[in-house]
Amino acid sequence: MDTLSSLSNALGMLLTTFLMVETFMVASAGNFNKDVDITWGDSRGKILNNGQLLTLSLDKASGSGFQSRNEYLYGKFDMQLKLVSGNSAGTVTAYYLKSQGSSWDEIDFEFLGNLSGDPYVVHTNVYTKGKGGREQQFYLWFDPTADFHTYSILWNPRHVIFYVDGRPIREFKNLESVGIPYPKNQPMRMYCSLWNADDWATRGGLVKTDWSQAPFTASFRNFTANACVLSNGVSSCSSNASSNNAWFSQELDSSSQKVLKWVQKNYMVYNYCKDAKRFPEGLPVECTVRNRKQIKI
């Protein structure tokens, strides 16, 4: 952890310049009473503080979860999370966007618990037309159980970007020009859940959930969606969405690209694009066309 601390200090210095120039649209925080439905887990999901806080819990009988009432087709999504503390091995806290059907699109943040004192793993994935397998995993430069931190998804026609506290950690580009499907037609809801995955989540399933530590609890607040809302097949965004919504055409400028590269160099612990053993017949196409131009909007 000393290494992570020193890297965190270095990242802080690098980000000083980045945060001075990087700006994001700010929306007032939503209200969970109005924005979401708790969909499973009986009473294990609770909305508190007049809709400002939502907690999910997990015990041996069940986990719990909730979903947004709205469906979205492109947007910038922010959620503050405080993850399960202590021995969280075997647990997964998920925050993601997903469409319906057998050929679904999905954009995932999953937080894989670990033994006390060991770092969480942030597991990211992108599914298009029901196909995923695009995993990238990261450590964090802070303790995600000590306080709330902001996890964001930017989804526009150009790319999907994953952010942690406003810092980009991953980009998935629209490369339809070379035949790679991109999530662009299917509206998605926001989902969050806390569940047991001790068959794979911690060290490949070697470390099991310690149920004597249950119930496990994760907390959520300040969900915002600067997004195009779909209602009866009609988008809330006008035909000139790019002029009315900065996120719709938001790119990574040189400063944010520098942060992205630095985070990936120092905190990425798995990248499917580097896993030649997994793909003996060749890496996925998107891993080998980094210099191709993205779709124009």
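All heavy atoms count here, side chains included; hydrogens, waters and symmetry mates do not. Along the sequence shown, the residues carry numbers beginning at 1.
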Practice task
List the steps, then state whether side chain to side chain contact (heavy atoms under 4.5 Å, CB included) holds for Asn174 with His159.
Solution key: CA-CA 5 Å; Asn174 184 338; His159 47 195; 5.9 Å; no

Do [X] and [Y] make a side-chain contact, defined as non-hydrogen atoms from C-beta onward lying under 4.5 Å apart?
X	Y	result
Tyr191	Val36	no
Phe162	Ile107	yes
Thr209	Phe216	yes
Trp195	Trp40	yes
Trp200	Leu112	yes
Phe111	Val122	yes
Ile153	Val160	yes
Arg69	Asp37	yes

Group every Ile, Leu, Val, Met, Phe, Trp and Tyr by side-chain heavy-atom contacts under 4.5 Å, then state whether [X] and [Y] land in the same group.
X	Y	answer
Trp211	Leu56	yes
Leu140	Val92	yes
Leu115	Val269	no
Tyr96	Tyr163	no
Tyr267	Val121	yes

How far apart are the closest heavy atoms of [X] and [Y], and which atoms are they?
X	Y	value
Trp247	Gly75	CZ3-N, 3.4 Å
Ile38	Ile47	CD1-CG1, 3.9 Å
Phe32	Arg221	CE1-CA, 3.7 Å
Glu71	Pro187	CB-CB, 4.1 Å
Tyr95	Cys192	CD1-SG, 3.8 Å
Pro183	Thr128	CD-CG2, 3.4 Å

Donor-acceptor pair, side chain of [X] and main chain of [Y], under 3.5 angstrom:
X	Y	value
Ser57	Arg44	yes
Asp253	Ser255	yes
Thr145	Ser85	no
Asn245	Ala227	no
Ser236	Val229	yes
Asn114	Ala89	no
Asn70	Tyr72	no
Gln136	Thr124	no
Lys46	Thr55	no
Gln186	Ser103	yes

Practice task
Output yes when Lys277 and Asp275 qualify as a salt bridge under the 4.0 Å nitrogen-oxygen rule, no when they do not.
Solution key: no

Completion exercise
Which of Lys76, Met188, Lys184 passes side chain to side chain contact (heavy atoms under 4.5 Å, CB included) with Trp155? It is Met188

Problem - Over 12 foreign heavy atoms within 6.0 Å of CG, Asn49 - result: yes

Practice task
Establish, for the pair Arg134 and Phe172, whether the NZ or CZ atom is under 6.0 angstrom from the six-membered ring centre and no further than 45 degrees off its axis.
Solution key: no

Practice task
State whether a side-chain donor-acceptor pair under 3.5 Å links Glu286 with Tyr182.
Solution key: no

Handout entry: Pair Thr224, Asp78: side-chain N/O donor-acceptor within cut-off below 3.5 Å
Key = yes

Practice task
Show your reasoning for whether side chain to side chain contact (heavy atoms under 4.5 Å, CB included) applies to Phe109 and Met79.
Solution key: CA-CA 11 Å; Phe109 267 115; Met79 180 79 80; over 6 Å; no

Fill in the blank from the handout: Interatomic distance, OG1@Thr217 vs CG@Leu83, rounded to 0.5 Å, equals 12.0 Å

Exercise for the section: Check the pair Ser219 / Leu53 against side chain to side chain contact (heavy atoms under 4.5 Å, CB included), numbers first and verdict last. Expected result: CA-CA 7 Å; Ser219 301; Leu53 177 69; 4.2 Å; yes

Exercise for the section: Could you point out which residue of Asp165, Asn222, Asp147 forms a side chain to side chain donor-acceptor pair (under 3.5 Å) with Gln80? Expected result: Asn222

Problem - Plane angle bin for Phe223 and Phe77 - parallel if under 30°, tilted between 30 and 60°, otherwise perpendicular - result: parallel

Exercise for the section: Identify which one of Phe142, Tyr120, Phe220 satisfies the ring-ring contact (aromatic ring centres under 6.0 Å, His included) criterion when paired with His149. Expected result: Phe142

